[in-house]
Amino acid sequence: MVGFQQMLVSGMYWRHVSTSILRVLGGFSLAAVLAVPLGVWMGSRAGLRRVINPTFEFLRQIPPVAWVPLFIIWLGLGEAPKLAVIAYAAFFPILMNTEVAVAGIGQQYEEVAASLCLSPRRRFRTLVLPAASLGIVTGLRLGLGMSWRALVAAEMLAAFSGLGYMVMAARSLVRTDEMFIGIASIGVLGMAMDWWGRKLQVRLLPWTTRAGGQKDAKQAGF
Amino acid sequence: MPSRQVSEESGALILQLLGVHKQYPGKPNPLQAVEDITLELCKGRIAALMGPSGCGKTTLLRLAAGLEMPTRGKVVFAGREVDGPGPGRGIMFQEPRLFPWLTVKENVALGLPEQMESSEVSRSVDELLALVGVEGFGRAYPRELSGGMAQRVALARVLAVDPELLLLDEPFSGLDIANRFTLQEALGDIAAKRRLTVLMVTHDLDEALYLADTVYVLSHRPGRIAHQLELPIDRPRERVARKLQHYRSQLTEWLIAQAHR
């Protein structure tokens, strides 16, 4: 454990942790910014889905790590290929969940929106977005998990920092303790991120939980 | 087509179904829902559609709302042929269909104009909720409401649109008798106050007798207008009025005859 204590004291461990977290957040945000709007767009157009989906189905099957060598050739050795791999991994669960959620908005609600003559903007804000939000959040949570996995894989192959690198570097020195700590950190951070995602869901989508509006109901002797 | 005046008392024609047929495509056989329906409704009148289940009553409402297009014939609202949902017509479905992610207040506010100021929205919503007897539940979510409550909120939402033509699909069927009476009275009041024209589907004989100026009895599928009953009695009516008895027996007879076909 001496080696790890040194890492802690020298701040190495924390640098690995923060580097990894920043990469995940960066790649994940990139994926979310691309996949959510695209998913909403594709979800509302069946024709578009039929044209584009085969391509995505093909790309989705490829493990993100398989792209690492190509991304390095295309994007160089800096942060860009790592962000690209992470974004690639997170992209598909976000896209597909968003798309399915938007496409699955109940006909009965669409009819209400139509009969109330809601403007497109209002319909989007009060129907499409909230109706699809549970699916979008599910996609985001899955995407976050995927990007965490992809990150570790990318760091093992092509990085000189981050938790994945830490585990690989420990291997070459046969430092089993550091390897375990690296692995445990990956698990704990992944869990923490998902916990945070769930919290956010409760905050943003109060109707999916039991909390909202109960005070009112109690007041009325419910 | 310009709206034509019929007479001073009955006012302008609001809704016309002219030789309307509706056929749904089906796998072995297409389904003929309604056949050759012609019906006219003048401003301020209330008409009830009755008849056996599956006779196309709901289809007629959906045609009037513009949610379906007739396969033949046409639907005319305020002098213009209906080619889709549009302002001036509000439909209340058999199920409340409240948006589960919006609070009761927000659901009702959906019917109000988008540009309305928020203080104004808040005031109007409170008024509407009071009108249908759902006070103190504004911040609740729909799934915290009972079926009857949700139905009242749906009524408030459609009234928020301030429609000229109100289309109601068994609006009070989920309510107990006391609530039903209260809401029927409220609806009669509102309709009179705002000179609303109402087309409602109902299985409730008393509801039809209490509210309707005209009752149409539809035949079993494909739905045709089998009988038409005019009730020239002023509203609000006595529920147990002797003069309703004659109409009640007549309607009962017709409904039984249609049910046994």
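In the text below, chain A, chain B and the rest are named by the order of the sequence lines, each starting its count at 1.
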Notebook entry, point to check: So do B:Phe99 and A:Val112 actually touch side chain to side chain, heavy atoms under 4.5 Å?
Noted result: yes
Margin query: Tell me whether the count of non-hydrogen atoms from other residues, nucleotides or ligands lying under 6.0 Å of CZ in A:Arg198 goes above 12.
Written below: yes
Check: Does any non-hydrogen side-chain atom of B:Trp101 lie less than 4.5 Å from one of A:Leu127?
Finding: yes
Next item on the list: Working to the nearest 0.5 Å, report the span between CD of A:Glu110 and CG of B:Leu67.
Entry: 11.5 Å
Next item on the list: Counting only heavy atoms closer than 4.5 Å, note whether B:Leu98 contacts chain A via side chain, backbone, both or neither.
Entry: backbone
Margin query: For the CZ atom on A:Phe180, are there more than 12 heavy atoms of other groups (residues, nucleotides or ligands in this structure) within a distance under 6.0 Å?
Written below: no
Item checked: B:Pro163 portion near chain A, given a 4.5 angstrom heavy-atom threshold -> neither
Notebook entry, point to check: Below 4.5 Å, heavy atoms only, C-beta onward: do A:Leu116 and B:Arg157 meet side chain to side chain?
Noted result: yes
Note to self: Nearest 0.5 Å, please: how far is CD in B:Glu68 from CD in A:Glu111?
What the structure shows: 7.5 Å
Notebook entry, point to check: What do you reckon, is CE of B:Met69 surrounded by more than 12 foreign heavy atoms closer than 6.0 Å?
Noted result: yes
Margin query: With a sphere of 6.0 Å drawn around CD of B:Glu117, does it hold more than 12 non-hydrogen atoms of other residues, nucleotides or ligands?
Written below: no
Next item on the list: Could you check which of B:Ala154, B:Gly111, B:Pro100 has the highest count of heavy-atom pairs closer than 4.5 Å to chain A?
Entry: B:Pro100
Margin query: Tell me whether the count of non-hydrogen atoms from other residues, nucleotides or ligands lying under 6.0 Å of CZ in A:Arg49 goes above 12.
Written below: yes
Note to self: Nearest 0.5 Å, please: how far is CD in B:Gln115 from OG in A:Ser119?
What the structure shows: 8.5 Å
Item checked: Gap separating the CZ atom of A:Arg125 from the CG atom of B:Leu102, nearest 0.5 angstrom -> 9.5 Å
Margin query: To the nearest 0.5 Å, what is the distance between CG on A:Leu118 and CG on B:Leu110?
Written below: 5.5 Å
Note to self: Which atoms of B:Arg97 are under 4.5 Å from chain A, going by heavy atoms: the side chain, the backbone, both sets, or neither?
What the structure shows: both
Check: What heavy-atom pair brings A:Ala114 and B:Pro85 nearest, and what distance separates the two atoms?
Finding: O-CB, 3.4 Å
